[in-house]
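Okay, structure first, notes after.
Proteins get letters first, then strands, A, B, ... in listed order; numbering begins at 1 in each. All values reported here derive from a predicted model rather than from experimental measurement.
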Amino acid sequence: DAKTTQPTSMDCAEGRAANLPCNHSTISGNEYVYWYRQIHSQGPQYIIHGLKNNETNEMASLIITEDRKSSTLILPHATLRDTAVYYCIALNSGGSNYKLTFGKGTLLTVNP
Amino acid sequence: EPEVTQTPSHQVTQMGQEVILRCVPISNHLYFYWYRQILGQKVEFLVSFYNNEISEKSEIFDDQFSVERPDGSNFTLKIRSTKLEDSAMYFCASRVRGTTGYTFGSGTRLTVV
């Protein structure tokens with residue numbers, strides 16, 4: 001699976017959009033981009049995933065660049081409860097095990 | 001919303017003792033996983049389980065570890081002879097099929113003393 005690179009930390013004001021970047025310049029054509037988050041010491045929580053097209057669900061939007069070398073997770077109206085470590089993971093769809101390899105992620109702190 | 005349930009939430013055990021960590025995955029899910037997170041470190045893959053057998057395991061998952069799905073609902077992780085370095089949060093996860101994301105449980109904090 002391709003390596004991903006994320007900033008170590010980011011801050012966001014409550015109510016504003018949080019835009020979390022991820023670089024995955026070596027991603028291959030059959031690798032999806034997945035986003036999970038981990039609120040302090042809890043189990044990771046699935047947020048969203050995509051292959052080529054932008055995706056949106058009730059939690060977030062995922063914007064993937066046309067060359068697929070980077071993506072951005074958008075939390076449209078961040079709340080204090082969105083403070084967490086956010087993980088961007090590239091995952092090969094051809095492997096049925098879908099083993100997740102977590103990096104250090106981005107610690108997003110939402111400030112009042 | 002369906003949940004993955006893990007018990008106990010916290011377990012303290014003596015070094016060398018056996019422990020069994022229990023998980024109840026979501027009922028229609030087909031793929032099951034154990035991950036662990038040592039305090040302050042990354043979440044690490046241990047093992048994946050599908051169709052009643054291990055489909056992949058990491059280097060961490062040595063002969064001291066085993067998994068079982070004894071009754072079609074529970075999914076257990078056994079550590080035969082615990083070491084101090086096994087102290088960690090252990091997360092169970094499951095997913096249904098295809099490209100869907102995992103659902104993780106809230107974890108069991110294992111402390112080996």
**Message:** Is there a continuous path of hydrophobic side-chain contacts, each under 4.5 Å between heavy atoms, that joins B:Ile60 to B:Val19?
**Reply:** yes
**Asked** So if you build clusters from Ile, Leu, Val, Met, Phe, Trp, Tyr with side-chain heavy-atom gaps below 4.5 Å, do B:Phe75 and B:Leu46 land together?
**Response** yes
**Request:** State, to 0.1 Å, how close B:Val43 and A:Phe102 come at their nearest heavy-atom pair, and which atoms those are.
**Result:** O-CB, 3.5 Å
**Message:** Counting neighbours of CG on B:Asp63 that are heavy atoms of other residues, nucleotides or ligands and sit closer than 6.0 Å, is the number greater than 12?
**Reply:** no
**Message:** Are there over 12 heavy-atom neighbours, none belonging to B:Arg80, within less than 6.0 Å of that residue's CZ?
**Reply:** yes
**Request:** Would you mind checking which part of B:Ser55 comes under 4.5 Å of any heavy atom in chain A, side chain (CB onward), backbone (N, CA, C, O), both or neither?
**Result:** both
**Prompt:** If you draw a 6.0 Å radius around CG in B:Leu84, do more than 12 non-hydrogen atoms from other residues or ligands fall strictly inside?
**Reply:** yes
**Item:** A:Leu100: which of B:Tyr33, B:Phe45, B:Tyr35 passes side chain to side chain contact (heavy atoms under 4.5 Å, CB included)
**Value:** B:Tyr35
**Minimal non-hydrogen separation, B:Tyr102 against A:Lys99, with atom names** = OH-CA, 3.6 Å
**Asked** Side chain, backbone, both or neither: which part of B:Glu44 has a heavy atom under 4.5 Å from chain A?
**Response** neither
**Toward chain A, the part of B:Arg97 with a non-hydrogen atom under 4.5 Å** = neither
**Message:** Can you tell me if B:Glu18 has over 12 outside heavy atoms packed within less than 6.0 Å of its CD?
**Reply:** yes
**Fill in**
Listed by number, the residues in residues 34-52 of chain A that come under 4.5 Å of chain B (heavy atom to heavy atom) are A:Tyr34, A:Tyr36, A:Gln38, A:Ser41, A:Gln42, A:Gly43, A:Pro44, A:Tyr46, A:His49
**Message:** If hydrophobic clusters are built by linking Ile, Leu, Val, Met, Phe, Trp and Tyr wherever their side-chain heavy atoms come under 4.5 Å apart, do A:Leu91 and A:Tyr87 end up in the same one?
**Reply:** yes
**Prompt:** Taking atom CD of B:Glu85 as the centre, does the number of heavy atoms from other residues, nucleotides or ligands within less than 6.0 Å exceed 12?
**Reply:** yes
**Item:** Joint hydrophobic cluster, B:Phe104 plus B:Tyr31, side-chain heavy atoms closer than 4.5 Å
**Value:** yes
**Request:** Could you check if a side-chain atom of B:Thr100 sits within less than 4.5 angstrom of a side-chain atom of A:Tyr98, using non-hydrogen atoms only?
**Result:** no
